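Order of appearance sets the numbers: ligands from 1, and atoms from 1 within every ligand. Start at 1 with the first residue, then count along the sequence. Just so it is clear, the structure is predicted and the values come from calculations on it, not from any experiment.
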Amino acid sequence: MSRPRVLVLGGGFGGVGAAKNLKDAEVDVVLVDKHDYHTFQPLLYQLAAVSRRPVVHGQDNATVHQDVVTGIDLAAREVRFEHLAPLTYDFLVLGIGAEVNFFGTDGASEHAFPMYTLADAVRLKEHVLDRWEAADRDPSIIEDGALNVVVVGGGPTGVETAGALAELYRADFARDYRGIGPEQARVILVEAGPELFPMFKPNLREYTKKALEKRTVELMIGVAVESVSPTRVKLKTGEELNAHTLVWGAGLQGNRLVQSLGLELERGNRIGVGPELSVPDHPEVYAVGDVAAITDQKTDQVLPQLGSVALQSGEHAGKTIAQVVANKKTKPFAYRDKGTMAAIGRGAAVVQMLGGRTMKGVKAQAAWGAVHLALLPTNEDRAKAVVDWAGAGFTHQRTGRISVRADEHDTG
Ligand SMILES: Cc1cc2nc3c(=O)[nH]c(=O)nc-3n(C[C@H](O)[C@H](O)[C@H](O)COP(=O)(O)OP(=O)(O)OC[C@H]3O[C@@H](n4cnc5c(N)ncnc54)[C@H](O)[C@@H]3O)c2cc1C
């Protein structure tokens, strides 16, 4: 008799967490992702990704395919792909993540640079380098804002991107392009809300502001972007910034595939799930990670879109399916909060622990590193990351460990 098939869609933190926790279950696991690597988004700025296949090495009941999911039929329990023949399932884990949300900002989908996928990070890097080379050949375009970057969003993605770009500008590029002064290449962070990092305590917010300013990031708080063109960013105040680059770190929504499922979606196009992470009316379907709206049992709040939430929810879905198959009792999902943390730049990070204790600076960066290393799927990946971080620290260079075509069409 054939074993139940668990189809895992998406091999990010959520999907991989689910697949690994089905290792000893009497099931066949099929994991499908459009990439053959897993983007490690917390280190997107260093173009970090890990190969997905070794993650399930030694897991005899699992196979991995690289393909794009094109349709999910919950009633027929069938998934369609770009190339693979359609696959039916007994259990489905949806771990297909999120994609950028431009909130209808005029010109953003055509001209902004989102920061979500590895292809996004590569595209931004190529564009910024192109602008610097162009300015090196023809300095007259500097006045037009060729080197200026506007980063939209005062949350972790925007803050970290602005910090990383400013470090790149003031260290590496200052050495490579000696004739260009810092005032000719501005990094401006624009946040529509009243502050940066609203999820952190005031002392950490103040530290973040100072750390960014120390890195020469200009802050425009309480200011919203109205429209974007290839060389100008128009603000709702009427002001226009000369900038050939606008990085969008201001919002996410669930993968667009979820819109075709016929489910009622929560805020940000996320799938609301029950206490065991299954989808309403479909106990055989689990949604995990960024695509899911998971309510924390302790606080009654929807959990944020974080690596640790994705990993833990994926692991829980995997364990739950194994328990269902073995006719064992299942448990509701309980998130273990290891603290809220964000990186700002080299030697600068903020951490807020559950009990309210806070850390900042180098200590906080070490804590950030420890928690994020634990998210990596294999010991080999962790070892490589430590070597990369050490290398980056000594040489002040950001490493690219995987090559991706910058023109790769990618939405999430
Ligand atoms: C720039 C940035 C920085 C971040 N920094 C941090 C941080 O410091 N700490 C932290 O905890 N979290 C951080 N996060 C958030 C964290 O990365 C996400 O919460 C986490 O990756 C979500 O995991 P996931 O498995 O749900 O989705 P993902 O990791 O996005 O994985 C989804 C997978 O689904 C695949 N997929 C999507 N659509 C299809 C399709 N149609 N067919 C086949 N495959 C598909 C994708 O290729 C991808 O591999 C950051 C996010 C970003 C964007």
For ligand 1, which atoms sit closer than 4.0 Å to a heavy atom of Leu257? 41 (N)
Polar-atom distance check: Val68 versus ligand 1, any N or O pair below 3.5 Å? no
Would you be so kind as to tabulate the donor-acceptor pairs closer than 3.5 Å made by side chains of residues 86-95, with sequence neighbours excluded?
residue, atom, partner, partner atom, Å
Asp90, OD2, Arg5, N, 2.7

Mark up the atoms of ligand 1 that fall under 4.0 Å of a heavy atom belonging to His35, in ascending order. 47 (O)
Should the pair His372 and Trp368 be assigned to parallel (<30°), tilted (30 to 60°) or perpendicular (>60°) ring geometry? parallel
Please state whether the rings of Tyr177 and Trp132 are parallel, tilted or perpendicular, taking 30° and 60° as the class boundaries. tilted
Which atoms from ligand 1 have a heavy atom of Gly289 less than 4.0 Å away? 26 (O)
Below 4.0 Å from any atom of ligand 1, is there a heavy atom belonging to Phe81? no
Quick check: closest heavy atoms across Gly345 and Gln365, and the distance to 0.1 Å? O-NE2, 3.2 Å
Counting heavy atoms only, name the option from Gly158, Gly10, Ala119, Gly95 that's nearest to atom 32 (C) of ligand 1. Gly95
Does Val309 reach ligand 1, in the sense of a heavy atom lying below 4.0 Å from it? no
Min N/O separation Asn255 to ligand 1 under 3.5 Å: yes
Checking side-chain contact (heavy atoms from CB on, under 4.5 Å) against Val68, which of Arg80, Lys34, His83 comes through? Lys34
Counting heavy atoms only, name the option from Gly307, Ala310, Ala349 that's nearest to atom 10 (C) of ligand 1. Gly307
